[in-house]
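Here's the structure we're looking at; comments come further down.
Below, chains carry the letters A, B, ... as their sequence lines are ordered, and counting in each starts from 1. Computed from a predicted structure; not experimentally measured.
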Protein chains: 2
Amino acid sequence: MSPTPASRRKASSHLPSPSVAAVPLTASTSPMPPALALYQQIKDHISRKIQDGSWPPGHRLPSEHELVAQFGISRMTVNRALRELTEQGRVVRVAGVGSFVAEEKPQSTLLQIANLASEIRQRGHDYRCEVLVVERISASLEVAAALDLRLGDSVFHSLCVHLEDGVPVQLEDRYVNPRVVPDFGAQDFSLQQPSEYLVRNVPFDQVEHVVDAVLPTAEQAERLAMVPTQPCLLLTRRTWTRGVPVTVVRCLHPASRYRLGSRFRADGNPVFG
Amino acid sequence: MSPTPASRRKASSHLPSPSVAAVPLTASTSPMPPALALYQQIKDHISRKIQDGSWPPGHRLPSEHELVAQFGISRMTVNRALRELTEQGRVVRVAGVGSFVAEEKPQSTLLQIANLASEIRQRGHDYRCEVLVVERISASLEVAAALDLRLGDSVFHSLCVHLEDGVPVQLEDRYVNPRVVPDFGAQDFSLQQPSEYLVRNVPFDQVEHVVDAVLPTAEQAERLAMVPTQPCLLLTRRTWTRGVPVTVVRCLHPASRYRLGSRFRADGNPVFG
DNA sequence: AAGTGGTCTAGACCACCGC
DNA sequence: CGGTGGTCTAGACCACTTC
């Protein structure tokens, strides 16, 4: 077909540039109703070239100006397509030089870590949290290192068990920097558990996650109502506000009752349904 | 508006109103950047309102039109700021209705799963892969289910050990759908290991990850040169092309030699350095 | 009908790169 | 110098929701 892409939309004054209308933007297999956005069609076109090997890594793509001419669309539209491809790591752009197919598939993919309580409730199960300990103690070497404090400095400590339908699924061992959250110890955690309190009152701007596999100690196993020979997933999370450590929490999950998982599309978006 | 169209960019002095002044939030850490883009200033302005609680979750933000009037900038610029905030999950927009502060953002955070070989090389260590098995076998019930095949259907199977400085860090147990990758069995995996071959030749459009903690079997422990009483991280990955399962791979890591980890900013971008 | 966001245009200025 | 990308404008049409 040759309907110039820009022609489908407006009855306004300009004429769609009669240029070489090389590529029909509304492709053959495309049904008509969704009528994909132009920038999306450009993204798809370029993605296809990259994925089928026509444009190998390092290959220079057409400049914005060339794409404008080729497709008969405006530069803003081309720019948006290229910008989003850059954000997705498929394209590398250098001002004053050009745009290039990114080297090395960013083989790194993402794993989504959901909120435990919502996850449980979303399954239609009962969620409950038992707060076992809230205290103020002296920082061990490890805790001091994690929170950028000195050995022996005072820190808040809380210990909770999270239960799904009455079965323990997480033992949450948390340390909180009192310089950032001085009121942590004065909270009523029967109304709002420690993590909820922090999420609502101490916004963070950085998060670090580490996932380990470990065997629980005898005490941990007892609190999780499991045998100590079964492995656990250990999710350690640290958060910062303006560069200052806020809290470090070690979430211990019996592997038989919990797994991390998520499904993503190649564009980095989660899959629903 | 009729003030100078593009004349004032450099000044950047024009974030609006008298009421809100620049906050020392970035004062110390910011290396005095060269005049932030307008859309970025709008993003920052809105982010600040959200983060300091002025605009709680569910709060309706000013419409694009209002922001245009308030800041004296064009709608495209406002639109870009709001679009990017939406992509980052801080704002929810509904056409015909309005823009709202997203509910509960820390609902889910992301964990980045990097490419093992690059990760090892980036540490300055030696990376090597030993291909132990490449064969064509009958699908077990589990494999058939994972690849959407029938019990007993023919599938490719490969088994590799990945080593960091000669020490096994991953046992890769892979099954490949021959309907999608018929040539898998004919490859020379001494030049290009299975995962490299697949990444380069069979682009996927969906990925699923599941992380477990397990104890290795005696055979697995032997191949990983570890004791079978130590736990392992098990990363199971499935990929699809156009809805058809391509491969399922189970990556077993001795927990003592490997952990998953990553650090993100609140805006969802990884932290470097 | 009025308001909202989603998209697009045809220009424009700028900083930067390589020649 | 011309080419490149990064940004911005002042309009516009559309589909949609709400009143």
Salt bridge flag under 4.0 Å for residues E208(B) and R237(B) = no
Should T77(A) be listed as having a side-chain N or O under 4.0 Å from OP1 or OP2 of dT7(C)?
-> no
Between M76(A) and G98(A), which is nearer to the 5' end of DNA chain D once each is assigned its nearest nucleotide?
-> G98(A)
Would one find a side-chain N or O of R93(A) under 4.0 angstrom from OP1 or OP2 of dG6(D)?
-> yes
Side chain of R75(B) - closest among dG5(D), dA12(D), dT4(C) = dA12(D)
In terms of the nearest nucleotide of DNA chain C, which residue is placed more toward the 5' end: V94(B) or V78(A)?
-> V94(B)
The nucleotide from dC8(C), dT9(D), dG6(D) with an atom nearest the side chain of A95(A) is dG6(D)
Cation-aromatic face contact R121(B)/Y127(B), 6.0 Å, 45 degrees | no
Examine dG11(D): is either OP1 or OP2 under 4.0 Å from a nitrogen or oxygen in the side chain of S74(B)? Give yes or no.
-> no
Could you tell me the separation between the CZ atom of F100(A) and the P atom of dG3(D), rounded to a whole number of Å?
-> 16 Å
Hey, does the side-chain of R83(A) have a donor or acceptor N/O within less than 3.5 Å of a partner on the base of dG5(D)?
-> no
When the distance from CG of L36(A) to C1' of dT7(C) is rounded to whole Å, what number comes out?
-> 12 Å
Any side-chain N or O of R80(B) under 4.0 Å from OP1/OP2 of dT7(D)?
-> yes
Y39(B) side chain N/O closer than 4.0 Å to the phosphate oxygens (OP1, OP2) of dC8(D)?
-> no
Could you tell me which non-hydrogen atom of Q193(A) sits nearest to which non-hydrogen atom of S195(A), and how far apart they are?
-> NE2-OG, 2.7 Å
Find out whether N177(A) and V248(A) are in side-chain contact, i.e. whether some heavy atom of one side chain is under 4.5 Å from a heavy atom of the other.
-> no
Which of the following nucleotides, dC8(D), dT9(C), dT4(C), is nearest to the side chain of I73(A)?
-> dT9(C)
